[in-house]
Amino acid sequence: MMLYCAVALLYVPPVLARSLDADTPQSSFITRSLLSAEETRDEWSESWVDFAEGVDRYFSKEDAPPDYKNESYVKLQFKQTWEEHGEIQTDVRVKAKFDLPNTQRKMKLFFSSDEASENSLEERVRSNSTGERFNRKESVSGIEISPDSEWHKWKRSARVGVKLRAPLVGFGRYRLRRPFDKWGEWTPEFLQEVWYFSDRGWGETSEFELTRPLGERMGLRYWTVLEYEDQYDFFQNVHVYSLTQGLSDRTAMEYRAGLVFSNEFQAQLTAYFVGTSYTYKLYEEWVFVTASPEVFFPKADGWNAEASFTIKLDVYFSH
């Protein structure tokens, strides 16, 4: 219901949009509503960026460069999924980013209300539509050290922090990332992480991504992940193939298919899925709506199809 209300308040039908310049009471009301919503959004965005700049000055004792544009933002996401068996799942998430240009030279403070490593591998690769079982994830905060220099072309970063709950849960993560060049039109990148949570133990994640543009409006992507978590003592592996297509300046489509493997008992295919996503820029550069139908085929259910449909609304507060 919350998602319906948000979309209803932000959506402007084309007929009404074309009549905004007309001298009618209806168009005046719509214009005033849109301007009021935009002013509120701008005020919240300015407050968040000012807060980030204040934190940056406090720790670094310096002002940002005069020509620097702070990229701090808050993203508010409403998501609702309809499943084949009649279940409806609703989720509201907030993701925040601090852009601290001066402290990044030494170490970076971070805060996230939706830490990706908290989700299972299957949840992460299927996050556009569902199969994901919505779980409330604790916020995390801490310090990230990212040296400016590279180590044999590898970019490095280390995080130490806590999950903000009672009792506090400490965690650490070390990441190596290597973009490759001289591959022609293909753009590969490899990422390796080793992480530890005091309530989960340790694990490792290896990712490889390969992308290629197909003309001006289309792109091909292959992504594979191998992950091991010590408490479960087996590997999971996924392969995702996707094709993106820009339909216009406001709309885009993504077509995807994925395979999920596990060696919990023996190396085998445990599920596969196909899906699409249609994204529409609802208002300027800060309100987006995405519709995502998907069909999931789990081996545990005899490869029977599980259909779902997800509507997602993303609202950005930034400069």
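When all heavy atoms are compared, the tightest approach of Met218 to Leu243 is CE-CD2, 3.6 Å. Of all heavy-atom pairs between Glu294 and Val274, the closest is CG-O, 3.2 Å. Scanning both residues, Trp183 and Asp181, for their nearest heavy atoms gives CD1-O, 2.9 Å.
Here Thr244 pairs with Glu254 under the side-chain contact (heavy atoms from CB on, under 4.5 Å) rule; sequence neighbours left out. Here Arg177 pairs with Lys155, Pro179, Glu189, Leu191 under the side-chain contact (heavy atoms from CB on, under 4.5 Å) rule; sequence neighbours left out. The side-chain contact (heavy atoms from CB on, under 4.5 Å) test applied to Glu84 returns Ala307, not counting sequence neighbours. Residues meeting the side chain to side chain donor-acceptor pair (under 3.5 Å) test with Arg217, sequence neighbours left out: none. The side chain to side chain donor-acceptor pair (under 3.5 Å) search around Glu87 returns none, not counting sequence neighbours. Every side-chain contact (heavy atoms from CB on, under 4.5 Å) that Leu247 has, sequence neighbours left out, goes to Gln245, Thr251, Met253, Tyr278.
In terms of hydrophobic clustering, with Ile, Leu, Val, Met, Phe, Trp and Tyr side chains grouped at heavy-atom distances under 4.5 Å, Trp303 and Leu259 are assigned to a common cluster. Under the 4.5 Å side-chain heavy-atom criterion for grouping Ile, Leu, Val, Met, Phe, Trp and Tyr, Tyr196 is not connected to Val194 through any hydrophobic cluster.
Gln236 and Glu264 share no donor-acceptor pair across their side chains, judged by distance under 3.5 Å alone. Ser292 and Thr310 share no side-chain donor-acceptor pair at under 3.5 Å. Looking only at atom types and distance, the side chain of Thr205 has a donor-acceptor partner in the side chain of Glu227 under 3.5 Å away. In this model, a donor atom of one side chain and an acceptor atom of the other lie less than 3.5 Å apart for Gln89 and Glu83. Remark: the Gln268 side chain and the Lys299 side chain contain an N/O donor-acceptor pair separated by less than 3.5 Å.
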ask   = How far apart are the C-alpha atoms of Val238 and Thr224, what are their side-chain angles, what is the distance that settles it, and do they pass the side chain to side chain contact (heavy atoms under 4.5 Å, CB included) test?
value = CA-CA 5 Å; Val238 300; Thr224 182; 5.8 Å; no
request  = Go through the steps for Phe234 and Phe265 under the test side chain to side chain contact (heavy atoms under 4.5 Å, CB included), then give the verdict.
outcome  = CA-CA 8 Å; Phe234 63 85; Phe265 304 107; over 6 Å; no
Worked check of side chain to side chain contact (heavy atoms under 4.5 Å, CB included) between Phe171 and Val162 = CA-CA 6 Å; Phe171 72 91; Val162 294; 5.5 Å; no
ask   = Given the rule in the side chain to side chain contact (heavy atoms under 4.5 Å, CB included) test, do Phe317 and Leu76 qualify, once you have shown the distances and angles that lead to the verdict?
value = CA-CA 8 Å; Phe317 299 87; Leu76 181 61; 4.3 Å; yes
Evaluation steps, side-chain hydrogen bond (donor to acceptor under 3.5 Å, both in side chains), between Glu204 and Ser206 = CA-CA 7 Å; Glu204 73 84 25; Ser206 304; 3.0 Å; yes
message = Between Ser262 and Thr270, does the side-chain hydrogen bond (donor to acceptor under 3.5 Å, both in side chains) criterion hold? Intermediate values first, please.
response = CA-CA 7 Å; Ser262 170; Thr270 59; 5.8 Å; no
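At least one donor-acceptor pair under 3.5 Å links the side chain of Arg250 to the backbone N or O of Leu282. Between the side chain of Asn237 and the main chain of Val225, a donor-acceptor pair closer than 3.5 Å is present. Checking side-chain atoms of Asp230 against main-chain N and O of Gly201 turns up no donor-acceptor pair under 3.5 Å. Of the possible polar contacts, none joining the Ser198 side chain to the Val169 backbone as a donor-acceptor pair under 3.5 Å is found.
Using cut-offs of 30° and 60° on the angle between ring planes, the pair His239 and Tyr222 is parallel. Taking the six-membered ring where the residue is Trp, Trp154 and Phe190 present perpendicular rings, their angle passing 60° and hence far from 30°. Phe297 and Tyr272 have parallel rings, their planes meeting at less than 30° on a 0 to 90° scale where 60° marks the start of perpendicular.
The CZ atom of Phe261 sits 4.5 Å away from the CG atom of Leu269 when rounded to the nearest 0.5 Å. Rounded to the nearest 0.5 angstrom, Thr211 OG1 and Leu220 CG are separated by 8.5 Å. For the atom pair Phe273 CZ and Phe296 CZ, the distance stands at 7.5 Å (nearest 0.5 Å). Of the inter-residue distances, the one linking Thr290 atom OG1 with Lys281 atom NZ reads 13.0 Å to the nearest 0.5 angstrom. Rounding to the nearest 0.5 angstrom, the gap separating the CZ atom in Arg156 from the OH atom in Tyr174 is 5.5 Å. To the nearest 0.5 angstrom, Lys312 atom NZ is 7.0 Å from Ser277 atom OG.
The shortest side-chain heavy-atom distance between Thr81 and Phe309 does not fall under the 4.5 Å cut-off. Between Lys75 and Asp314 the shortest side-chain heavy-atom distance falls below 4.5 Å. For the pair Arg175/Gln192, no side-chain contact is recorded, criterion being any heavy-atom separation below 4.5 Å from C-beta on. Counting heavy atoms from C-beta outward, Gln231 and Phe197 have side chains that stay 4.5 Å or more apart.
Other residues, nucleotides and ligands contribute only 12 or fewer heavy atoms inside 6.0 Å of the OH atom of Tyr232.
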